[in-house]
Amino acid sequence: MAEKRNIFLVGPMGAGKSTIGRHLAQMLHLQFHDSDQEIEHRTGADIGWVFDVEGEEGFRRREAQVIADLTEMQGIVLATGGGSVQSKDIRNFLSARGIVVYLETTIDKQVARTQRDKRRPLLQVDDPREVLENLAEARNPLYEEIADLIVKTDDQSAKVVANQIIEQLGF
Ligand SMILES: Nc1ncnc2c1ncn2[C@@H]1O[C@H](COP(=O)(O)OP(=O)(O)O)[C@@H](O)[C@H]1O
Ligand SMILES: O=C(O)C1=C[C@@H](OP(=O)(O)O)[C@@H](O)[C@H](O)C1
Ligand SMILES: [Mg+2]
């Protein structure tokens with residue numbers, strides 16, 4: 001049987017990876033996976049707990065293992081966590097094992113989309129905008145480095161963005 005292609009979504013917190021990934025998988029009849037959800041499934045705890053108990057370092061170790069495992073599959077859409085690209089090993093897995101789509105958005109949209117959600121430990125601070133700006137500076141070049149396709153998600157609904165990705169990939 002011919003190899004089935006994978007689509008890997010990367011980009012910052014609030015870009016819409018988890019939401020758009022779910023739509024994309026449904027539209028393409030592919031399996032959907034989310035690295036954060038998989039970590040929660042394997043630990044039986046939420047991401048906040050993993051950060052509290054094991055620190056960010058522990059979370060990153062789990063994230064690297066989960067992405068190494070999930071990218072071995074075929075025919076999946078994977079929504080990664082926004083910080084996963086800081087690992088060279090993860091970047092290599094993503095580049096080698098599928099099509100990488102970078103979902104890009106503005107800091108304003110990121111703030112708006114994440115402010116009511118208490119599930120992102122890195123943003124539970126007085127000034128989440130400052131954190132997002134600093135992370136963007138460090139990570140945006142890494143998203144760009146591995147992207148096969150870059151799609152803006154600021155002014156379109158998640159479903160419309162999923163359709164755009166399908167069109168632009170020629171699926
Ligand atoms: N294109 C979009 N337009 C409007 N809201 C969106 C869009 N994509 C995602 N959202 C909303 O933004 C929030 C964060 O989306 P999420 O998919 O969790 O982002 P990520 O996984 O990239 O951090 C969710 O409440 C989601 O419904
Ligand atoms: O950017 C980051 O470092 C993180 C992003 C989160 O995922 P989303 O990008 O899906 O919000 C989650 O993995 C964790 O809170 C850390
Ligand atoms: Mg997500």
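Counting starts at 1 for both ligands and their atoms, following the listed order.
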Problem set entry | Verify same cluster id: Val10, Leu70 (apolar side-chain graph, 4.5 Å) | yes

For this session: Identify whether Leu9 and Leu149 are in the same connected component of the hydrophobic contact network (ILVMFWY, side-chain heavy atoms under 4.5 Å).
Result: yes

Problem set entry | side-chain contact (heavy atoms from CB on, under 4.5 Å) assessment of Ile39 paired with Val50 | CA-CA 9 Å; Ile39 291 168; Val50 177; 4.3 Å; yes

Answer yes when [X] and [Y] have at least one side-chain N-carboxylate O distance shorter than 4.0 Å, and no when they do not.
| X | Y | result |
| --- | --- | --- |
| Asp117 | Arg120 | yes |
| Arg22 | Asp34 | no |
| Arg42 | Asp69 | yes |

For this session: Have a look around the Mg ion (ligand 3) and list protein N/O/S atoms under 2.8 Å, or say none.
Result: Ser18 OG

For this session: Give me the one residue out of Lys17, Arg139, Lys152, Lys109 that meets salt bridge (charged side-chain N to carboxylate O under 4.0 Å, His left out) with Glu104.
Result: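 Result: among Lys17, Arg139, Lys152, Lys109, Lys152 is the only option passing the salt bridge (charged side-chain N to carboxylate O under 4.0 Å, His left out) with Glu104.
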
For this session: Let me know which protein residues bring a heavy atom to under 4.0 Å of ligand 2; chain then number is fine for ordering.
Result: Met13, Lys17, Asp36, Phe59, Arg60, Gly81, Gly82, Gly83, Arg120, Pro121, Leu122, Arg139

Spatial distance of atom [atom1] ([X]) from atom [atom2] ([Y]) [nearest 0.5 Å]:
| X | Y | atom1 | atom2 | value |
| --- | --- | --- | --- | --- |
| Glu63 | Glu56 | CD | CD | 9.0 Å |
| Thr19 | Arg113 | OG1 | CZ | 8.5 Å |
| Ser35 | Ile47 | OG | CD1 | 7.5 Å |
| Arg61 | Glu54 | CZ | CD | 7.0 Å |

Exercise. Of all heavy-atom pairs between Ile107 and Ala136, which one has the smallest distance, and what is that distance?
Worked result: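 Closest approach of Ile107 to Ala136: CD1-CB, 4.1 Å.
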
Exercise. Who pairs with Phe32 by ring pair (Phe, Tyr, Trp, His ring centres under 6.0 Å), at least two apart in sequence or on another chain?
Worked result: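 Once residues adjacent in sequence are excluded, Phe32 has no partner under the ring pair (Phe, Tyr, Trp, His ring centres under 6.0 Å) criterion.
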
For this session: Might you list the protein residues in contact with ligand 1, defined as having a heavy atom under 4.0 Å from one of its atoms, sorted by chain and number?
Result: Pro12, Met13, Gly14, Ala15, Gly16, Lys17, Ser18, Thr19, Arg113, Arg120, Thr153, Gln156, Ser157, Ala158

